[in-house]
2 protein chains.
Amino acid sequence: MVRPAMKRSTKQAILDAAEELFADYGFAATSLRAITAAAQVNLAAVNYHFGSKEALIDAVFARRVEPMNRARLEALHELQTAFVDAIVPLDRLIAAFVEPALALSHDRTLGGQRFVRLLGRSLTEPAGAVHDSLRGRYVEVSEQFKSAFARTLPELPAVELYWRMHFMVGLLAYLMAGVDIMRLIASSRMSAHSEYDAVLPRLVSFIEAGMRAPVNADDTVSDLHPVSGAQL
Amino acid sequence: MVRPAMKRSTKQAILDAAEELFADYGFAATSLRAITAAAQVNLAAVNYHFGSKEALIDAVFARRVEPMNRARLEALHELQTAFVDAIVPLDRLIAAFVEPALALSHDRTLGGQRFVRLLGRSLTEPAGAVHDSLRGRYVEVSEQFKSAFARTLPELPAVELYWRMHFMVGLLAYLMAGVDIMRLIASSRMSAHSEYDAVLPRLVSFIEAGMRAPVNADDTVSDLHPVSGAQL
DNA sequence: GTCTATAGTCAGATAGAC
DNA sequence: GTCTATCTGACTATAGAC
């Protein structure tokens with residue numbers, strides 16, 4: 001704690017290396033040997049500082065998730081004080097939720113793209129204890145934004161809001177995880193357009209339109225298949 | 001090949017068990033021992049029938065991905081013949097892409113939800129060779145649908161279409177992967193609404209709205225942050 | 001706090017009998 | 001095709017010197 005700060009502490013070196021390797025290869029496929037080698041520390045240091053590999057995974061997440069969710073809640077609070085007695089614009093609400101996550105991919109000091117990939121991955125990986133420690137901080141964010149969206153979109157039924165927020169989270173998770181998947185769909189030289197500057201406004205307006213989509217009274221599943229018949 | 005079909009073949013038993021275990025625990029965390037134990041076959045059978053663990057992973061995917069992409073292309077072809085010299089409706093186009101993927105989660109004979117989770121996971125996991133074998137079949141689907149969307153939305157710039165198809169794929173990937181993540185955002189008893197019947201029409205109309213979102217001439221990033229300043 | 005050395009476990013792959 | 005038995009290597013975790 002009262003470290004000279006001359007050289008990056010062993011603990012931090014381990015966290016940085018683990019973050020990078022976890023993001024690249026997944027949790028199970030990353031060995032403590034690879035982590036300690038990359039961090040240029042001794043193999044035993046991980047178990048000394050963190051106790052176990054599982055605890056190290058938790059620590060990697062705890063370092064980044066807390067600030068991100070705090071940024072989301074702060075942005076939401078700023079909006080709510082800026083729009084007292086008025087309706088918070090939908091695009092700003094979406095941006096408040098989405099931007100702190102995407103911002104991680106820019107700002108080096110926040111951990112950079114390394115962690116962004118890792119976070120996205122953790123949403124689809126059954127990382128056990130990771131989910132539990134993430135869930136604790138996330139439910140607050142989720143609830144606050146749900147209320148805020150409900151106020152901005154008062155005519156939207158709760159069930160629809162639930163699904164659409166779900167879609168929003170999904171889209172975000174994918175964008176965070178799937179940087180290299182762009183080539184799957186791209187296959188052309190469009191990769192030049194992949195700057196992250198371009199993604200935020202496009203993502204926000206896509207989500208905004210989806211949030212404002214008309215609500216179908218009855219599900220139109222069957223209407224969707226006059227040709228192929230009801231195959232769902 | 002000329003198997004009596006009395007008892008499920010060792011090969012199929014391995015594929016089924018591997019699919020299930022990979023979906024639950026990931027590729028690296030699933031051992032051949034666990035797979036062969038679940039399949040009630042001998043440990044050596046995997047290497048006899050598939051050659052290696054990596055080849056087994058490929059085989060698990062190949063068995064399911066091929067029919068799914070074929071269903072997508074067939075649905076697209078039906079639409080294009082039903083709407084010759086007319087504009088294919090956007091919601092039908094989206095459904096043709098999205099539904100074969102979501103349908104996997106219903107139909108038991110197609111592999112069921114097991115594989116759906118696995119496919120979603122593979123999009124965020126650097127499964128190496130898996131990506132390569134998936135990519136080959138997917139580029140055709142991607143290109144065909146890109147052209148179809150461009151015809152239905154002729155006024156949409158190619159760059160925007162690229163991003164919005166990217167968003168569509170992302171949303172789909174997340175929904176396929178993230179069944180249990182619903183509780184993260186739900187936290188209430190809304191889980192009762194999680195039937196997959198409900199998701200397709202909602203997903204289609206969400207995506208359709210996003211696809212039709214107005215195109216901003218200049219990126220409105222800075223406009224989004226009059227309160228917090230330009231922090232992106 | 002950091003190291004070496006190693007215990008104990010489990011992995012993927014293979015040889016060879018049947 | 002299927003089995004037993006086993007090889008070889010890599011892993012996490014720990015004990016104990018410094």
Side-chain angles (χ1 to χ4, degrees), chain A residues 1-61 63 125-130, chain B residues 1-61 63 118 121-122 125-130 133:
Chain A
M1 284 300 176
V2 203
R3 179 161 295 281
M6 292 296 292
K7 142 180 158 314
R8 194 176 51 179
S9 73
T10 298
K11 207 165 173 172
Q12 283 225 338
I14 291 173
L15 284 172
D16 290 340
E19 190 173 79
E20 174 127 41
L21 291 171
F22 285 150
D24 284 345
Y25 304 108
F27 302 110
T30 301
S31 67
L32 294 186
R33 287 178 152 75
I35 293 169
T36 52
Q40 293 182 297
V41 300
N42 188 269
L43 170 62
V46 167
N47 271 285
Y48 176 80
H49 285 287
F50 299 95
S52 71
K53 184 182 181 180
E54 187 67 25
L56 170 61
I57 295 177
D58 273 354
V60 167
F61 276 92
R63 183 171 64 151
E125 204 157 318
V130 175
Chain B
M1 283 301 175
V2 202
R3 179 161 297 281
M6 292 295 292
K7 144 180 159 308
R8 196 175 50 179
S9 73
T10 298
K11 208 165 173 173
Q12 283 225 338
I14 291 173
L15 284 172
D16 290 339
E19 190 174 80
E20 173 126 42
L21 291 171
F22 285 151
D24 284 345
Y25 304 108
F27 303 110
T30 300
S31 67
L32 294 187
R33 288 176 157 78
I35 293 169
T36 52
Q40 292 181 296
V41 301
N42 189 269
L43 169 62
V46 168
N47 271 288
Y48 176 80
H49 285 285
F50 299 96
S52 72
K53 183 183 181 179
E54 187 68 23
L56 170 61
I57 295 176
D58 274 353
V60 167
F61 277 92
R63 182 171 64 151
L118 181 58
R121 163 191 305 261
S122 79
E125 204 157 318
V130 176
S133 62

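Every chain is numbered from 1 and lettered A, B, ... according to where its sequence line falls, protein lines coming before strand lines.
The CG atom of Leu15(B) sits 12.0 Å away from atom CZ of Phe61(B), with the distance rounded to the nearest 0.5 Å. Atoms CD and CD, on Glu19(B) and Gln12(B) in that order, are 10.5 Å from each other to the nearest 0.5 Å. Put simply, OH on Tyr48(B) and CD1 on Ile14(B) are 11.5 Å apart, with the number rounded to the nearest 0.5 Å. Atom CG in Asp58(A) sits 11.0 Å away from atom CZ in Phe50(A) (nearest 0.5 Å).
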What side-chain donor-acceptor pairs closer than 3.5 Å can you find for residues 27-37 of chain B, not counting sequence neighbours?
from	atom 1	to	atom 2	distance (Å)
Thr30(B)	OG1	Leu21(B)	O	3.2
Thr30(B)	OG1	Gly26(B)	O	2.7
Ser31(B)	OG	Ala34(B)	N	3.0
Thr36(B)	OG1	Leu32(B)	O	2.9
Thr36(B)	OG1	Arg33(B)	O	3.2

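Residues Ala13(A) and Ala39(A) share a closest heavy-atom pair of O-CB, 3.4 Å. Across all non-hydrogen atoms, the minimal contact from Val46(B) to Ser52(B) is CG1-O, 4.5 Å.
Look at CD1 on Ile35(A): it is 17 Å from P on dA10(D), rounded to the nearest Å. The distance between atom CG of Leu56(A) and atom P of dC11(D), rounded to the nearest whole Å, is 15 Å.
Between the two ends of the helix from dG1(C)-dC18(D) to dC18(C)-dG1(D), each summarised by a five-pair axis, the helix axis turns through 0° (rounded to 10 degrees).
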How does protein reach along nucleotides 3-16 of chain C, written 5' to 3' as B (base within reach of a heavy atom under 4.0 Å), S (only sugar-phosphate), or - (no contact)? BB------BBBB--
Trace of the side chain to side chain contact (heavy atoms under 4.5 Å, CB included) decision for Arg63(A) with Asp16(A): CA-CA 10 Å; Arg63(A) 183 171 64 151; Asp16(A) 290 340; 2.9 Å; yes
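Not one side-chain nitrogen or oxygen of Thr10(B) sits closer than 4.0 Å to the OP1 or OP2 atom of dG1(D).
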